[in-house]
Amino acid sequence: MKEGFSISGLYTDFYELSMAQVYFLQGAHLKEAVFDYFFRKIPFRGGFVVFAGLSSVLEFLEKLQFSSDEIEFLRSKGLHPDFLDFLAKFRFKGKVYAPKEGELVFPTEPILRVQGSMLETQIVETLILNFLNFQSLVATKAARMRMVAKDKILIDFGLRRAQGLGGYHAAKACMVGGFNGTSNVKAAYDFGLEPVGTMAHSFVQSYDDELTAFSEFAKNRPQNCTLLVDTYDTLNSGVPNAIYVGKEMEKRGQRLTGVRLDSGDLAYLSKVTRKMLDEAGLDYVKITASNQLDEWVIKSLLEQGAAIDVFGVGTSLVTAPPDAALDGVYKLAFADGKPRIKISENLKKVSLPGKKQVFRAHHSDGTLVGADIVAFDEEINFPKMIHPFDPLQQLQLHPYQFKPILHMVMENGKVLTGIHDLLTSAKYCQEQLAKLPDEYKRFENPHIYKVGISEALHQKRIEIKSSFKN
Ligand SMILES: Nc1ncnc2c1ncn2[C@@H]1O[C@H](COP(=O)(O)OP(=O)(O)OP(=O)(O)O)[C@@H](O)[C@H]1O
Ligand SMILES: O=P(O)(O)OC[C@H]1O[C@H](OP(=O)(O)OP(=O)(O)O)[C@H](O)[C@@H]1O
Ligand SMILES: O=C(O)c1cccnc1
């Protein structure tokens, strides 16, 4: 698995470099700092987020550098020559703690912890947010579709509808959430997937008649022949022509792969199409459906008994309506030997100080309790947890099994673990979803997974906050 874009230190916001220059010129750039990546709101009114994008982040951090042309570009923008000499030799040497890709994560808890020098941890903010926010959003959307599609095949058709190059990372992220394949050839090549696809209306239109179009396709692409049957009249022309071609293929010792429906009532059309195919002895021919599908339409189609084997999903997968972005942020938690917080009038925006871990509560049978506690690294006992924004709300914790979800995945700028193939991450995601009780997975008003903080973290936050009072 290899990211196919050019890795550049310039993949950042200019203010990161301005701040880094100040740290450098003041001699503060090598002081230790810790940043946390976390989000505040679960998208889609859902009950969980699927963590994705880690392998992209790690690959990027490991290779991050500034080319001589890039250094000259920054020189022309007025950055200091001594700082540029430093950047010319820059490599990321920090540590990263993260959950496995495919892990279920929840608001407020630190998900990625980046630890290193002030300068290096600051300038990687933008790329971390860019990769994790988008890939986690798409992986979450994909996981919702996987939940309702059950054992049906889900294919990403989104590249043409994506926000520009986002379609590339969407193809990767949706695999983590449970998709089976992508039409995106570049993503398939870079991430070791099998590119999949059918045919477009233009192909059928380009011939004088539909039957010739289907026949030529079948003759020339017999190994992968899914015929688009809705260009003219699905039931009176498309499906009968596909059946004719399927029978001709059988005579040549070949098999028609499938037909694709892309308009009309997909439940009704798929049922009739199935019947027609079966009656013609083509029960092995798969039915693909596409056309503005999302988790709600897929759920409804299957509830209606639609005979659809493969769902091709574009727009809603890669643009993730109604939430166009995951609101993940990257906040300083520790610097120069001291825990740090960001204070806000809004208690929800007061950050959590220090080097922290997330401990996840499990029942003895391995299922999830629905509670994570954010605590300092070294803490081991959690008799209770405190609501992060409403300290009066406290929860006594039974002696559940608490397992840390953050693991060191990079040290001294080198990947230790965390870059898994997509199928491994997808399997891990499904295993975690299986452990999450159904109440957290339903679409309507899902149960709220509780994230609390330890007594020690709560006290430390109060102490630091009061030290800022005049
Ligand atoms: N049986 C069904 N139940 C629920 N939703 C469906 C069903 N069949 C199709 N849909 C969905 O309804 C929407 C129909 O949209 P639209 O009316 O644009 O499609 P259409 O009738 O095929 O038109 P067009 O030919 O312009 O694509 C799509 O999102 C489609 O996935
Ligand atoms: O509806 P989405 O979920 O976004 O899925 C992608 C759509 O892209 C294609 O349509 P398009 O009209 O671009 O090309 P086509 O001729 O292959 O149908 C495909 O047929 C789907 O309808
Ligand atoms: O292969 C397909 O059918 C396909 C690919 C991309 C978009 N829509 C359809």
Side-chain angles (χ1 to χ4, degrees), residues 138 141-142 144-146 148-149 152-164 166-168 170-171 174-175 177 179-189 193-207 210 213-214 217-218 220-221 223-239 242 256-275 285-322 324 443:
V138 173
K141 191 74 170 170
R144 290 165 62 82
M145 295 186 202
R146 169 50 62 211
V148 293
K152 306 293 181 197
I153 292 174
L154 291 169
I155 304 294
D156 158 38
F157 279 177
L159 184 57
R160 66 189 55 204
R161 307 275 186 258
Q163 272 89 349
Y168 175 70
C174 74
M175 296 297 295
F179 266 53
N180 302 93
T182 181
S183 64
N184 183 333
V185 187
K186 173 70 172 152
Y189 172 76
L193 307 169
E194 196 58 36
V196 285
T198 71
M199 63 164 58
H201 293 106
S202 57
F203 185 83
V204 182
Q205 290 168 272
S206 73
Y207 290 83
E210 189 180 52
F214 286 0
F217 199 84
N220 291 290
R221 280 291 285 154
Q223 315 82 344
N224 181 353
C225 185
T226 296
L227 304 170
L228 177 59
V229 292
D230 76 332
T231 306
Y232 303 119
D233 183 335
T234 302
L235 297 179
N236 294 309
S237 146
V239 177
L256 176 63
T257 313
V259 296
R260 175 160 75 102
L261 304 169
D262 189 49
S263 56
D265 185 320
L266 296 171
Y268 169 75
L269 290 174
S270 65
K271 285 187 235 182
V272 180
T273 300
R274 181 76 275 153
K275 191 160 179 286
V285 172
K286 300 266 183 275
I287 299 179
T288 295
S290 52
N291 188 18
Q292 295 294 311
L293 300 176
D294 62 16
E295 64 269 49
W296 301 96
V297 177
I298 294 171
K299 182 169 185 280
S300 165
L301 287 171
L302 292 175
E303 281 166 2
Q304 294 167 61
I308 297 169
D309 306 291
V310 183
F311 293 92
V313 190
T315 312
S316 86
L317 175 68
V318 298
T319 66
F443 286 178

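Start at 1 with the first residue, then count along the sequence. Atoms within each ligand, like the ligands themselves, are counted from 1 in listed order.
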Residue pair R161, T319: steps toward the side chain to side chain donor-acceptor pair (under 3.5 Å) verdict: CA-CA 8 Å; R161 307 275 186 258; T319 66; over 6 Å; no
Side chain, backbone, both or neither: which part of [X] has a heavy atom under 4.0 Å from ligand 2?
X	value
D262	side chain
Q205	neither
R161	side chain

Look at [atom] and say which protein heavy atom is nearest, naming residue and atom and giving the distance to 0.1 Å.
atom	answer
atom 14 (O) of ligand 2	R160 NH1, 3.2 Å
atom 1 (O) of ligand 2	Q292 N, 2.8 Å
atom 4 (O) of ligand 2	T315 OG1, 2.4 Å
atom 20 (O) of ligand 2	R260 NH1, 2.7 Å
atom 1 (N) of ligand 1	D265 OD1, 2.8 Å
atom 7 (C) of ligand 1	L301 CD2, 3.7 Å
atom 16 (P) of ligand 1	N291 ND2, 4.3 Å
atom 8 (N) of ligand 1	L266 N, 2.9 Å
atom 3 (O) of ligand 2	G314 N, 2.9 Å
atom 16 (O) of ligand 2	H201 ND1, 2.9 Å

Backbone or side-chain N or O of G264 under 3.5 Å from ligand 1 N or O: yes
Under-4.0 Å heavy-atom contact with ligand 1, by part of S300 that carries it: side chain
Shortest heavy-atom approach to atom 24 (P) of ligand 1 - which of S263, A289, S270, A306: S263
Flag side-chain contact, heavy atom, 4.5 Å: V229 against L261: yes
Heavy-atom side-chain contact between Y232 and V204 under 4.5 Å: yes
Salt-bridge criterion met for E295 and K299 (N-O under 4.0 Å): no
Atom OH of Y268 with >12 non-hydrogen neighbours under 6.0 angstrom: no
Euclidean distance, K186 NZ relative to L193 CG, rounded to 0.5 Å: 12.5 Å
Nearest-0.5 Å distance that lies between atom OG1 in T315 and atom CZ in F157: 12.0 Å
Considering the heavy atoms of [X], write down every atom of ligand 1 situated less than 4.0 Å from one of them.
X	result
L293	31 (O)
Q304	1 (N), 2 (C), 3 (N), 4 (C)
A267	1 (N)

Contact summary for V318 and A170, nearest pair of heavy atoms: CG1-CB, 3.5 Å
